[in-house]
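Heads up: the structure comes next, in structure tokens.
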Amino acid sequence: MIPVAEPSLGKEERLNLLKAFDSGWISSKGSFLGEFEKSFSGYMGVDFGVATVNGTSALHLALTALGVGKGDEVLVPSLTFVSTANVVAYTGAKPVFVDSHPGYWCIDPEKIEGKITENTKAIIPVHLYGHPCDMDAINDIAHDHNLYVIEDAAEAHGAEYKNRKLGSFGDVSCFSFYGNKIITTGEGGMCLTNNEELDERMRILRDHGTNPSKHYWCDVTGFNYRMTNLQAAIGCAQIEKLDEFIEKKRENTALYNKLLEDAQGITPPPEEKWAKNVYWMYSILIEKEYGKTRDQLINHLKENGIESRPFFPPTHKLPMYDKGETIKIAEELSKKGINLPSSVNLTSKEIKYVAETIKAAC
Ligand SMILES: *Cc1c(COP(=O)(O)O)cnc(C)c1O
């Protein structure tokens, strides 16, 4: 089976991991942690990094540090991984779902203002499948309505908006290092911010809310969201390879695009003029003209030893969030979208086989 995504781990990761193990610092203290926070935030051009157990906890930490809670509303795209909405619910606030842009699939800035109420506190733009959101448009709206902006960059390490890396466009940005993400630490996440005060608040909340100058004294209810030194050791090796991984993902995309160019009814992944897409997942839309449905194609691929994934379901249709709302573009994209094998280790032979299988099925 050709998998949708598998991590690329080498001897550098292994060596770092053993170093951390042999040092005895296997919990959430140790030299790799600070090093990983520094190298990752430095790569993104942001001052501070707070490493966490996973991307979900990073988002939750950011919202909590910003004071989002009961009675607040937070705007999120409907088309995203469920975690983006769940973290809002964890705080006691209400996720409010916004439609997607039909061209580049991320939250549509034109659909945002209609969802703002006097209770709206923040907005979480998600850089979906590696493509950036239109951050200028989003930040203008946030500025006009006094909203916090938290970038969900879990799928977009190294992607660029107007030639600048994502991660510094909001008050906080959050990344994931899950096994299928662009770089991985097994499980893991990080919050980035240029705001020193916010950095400190997130550090305290990450560590049970413990006052840094008083043992076991907590002034607030915090969490244990600390990353381990073992995870950070792997992360330190992975960040060195991020440029290479992005280059490879872009090459894979170019090859897929070329091979599928003449296929009917296939919309290739977007890349707006102002964007550098890192193609976390090589994602296409299966249109009517293709002749088979998206789900038929998924089965066909599976029968031929190729794993693929449907796009995320629209979050507003999940039982815990379903209020009978229709969010048109998100629902359409969700029905038509498919993620194809996207690992950096994919060979051109494998890509050709996937493309041929797709063309033969229509
Ligand atoms: C993966 C992902 C997350 C959550 O990250 P975890 O590390 O799995 O907790 C959040 N948002 C988006 C858009 C993601 O793709």
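All ligand and atom numbering here is 1-based and tracks the order in the structure.
Cluster partners of Phe32 are absent, since no Ile, Leu, Val, Met, Phe, Trp or Tyr has side-chain heavy atoms less than 4.5 Å from it.
Taking the ring axis of Tyr279 as reference, the NZ or CZ atom of Arg250 does not stay both within 45° of it and closer than 6.0 Å to the ring centre. Cation-pi geometry between Lys165 and Tyr43 is met: the NZ or CZ atom falls under 6.0 Å from the ring centre, inside 45° of the normal.
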I'd like a table of donor-acceptor pairs (distance under 3.5 Å, sequence neighbours excluded) in which one partner is a side-chain atom from residues 45-52, with atom names and distances.
| from | atom 1 | to | atom 2 | distance (Å) |
| --- | --- | --- | --- | --- |
| Thr52 | OG1 | Asn54 | O | 2.9 |
| Thr52 | OG1 | Gly189 | O | 3.2 |

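Judged as a ring-ring contact (aromatic ring centres under 6.0 Å, His included), not a single pair has a partner in residues 340-359 (not counting sequence neighbours).
Aromatic pair Phe223/His208: centroids not less than 6.0 angstrom apart.
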May I have a table of the N/O to N/O pairs between ligand 1 and the protein that fall below 3.5 Å, each row giving the two atom names and the distance to 0.1 Å?
| from | atom 1 | to | atom 2 | distance (Å) |
| --- | --- | --- | --- | --- |
| ligand 1 | 5 (O) | Ser176 | OG | 3.3 |
| ligand 1 | 7 (O) | Gly55 | N | 2.8 |
| ligand 1 | 7 (O) | Ser176 | OG | 2.7 |
| ligand 1 | 9 (O) | Gly55 | N | 3.4 |
| ligand 1 | 9 (O) | Thr56 | N | 2.9 |
| ligand 1 | 9 (O) | Thr56 | OG1 | 2.5 |
| ligand 1 | 11 (N) | Asp152 | OD1 | 3.3 |
| ligand 1 | 11 (N) | Asp152 | OD2 | 2.8 |
| ligand 1 | 15 (O) | Glu155 | OE2 | 2.5 |
| ligand 1 | 15 (O) | Lys181 | NZ | 3.1 |

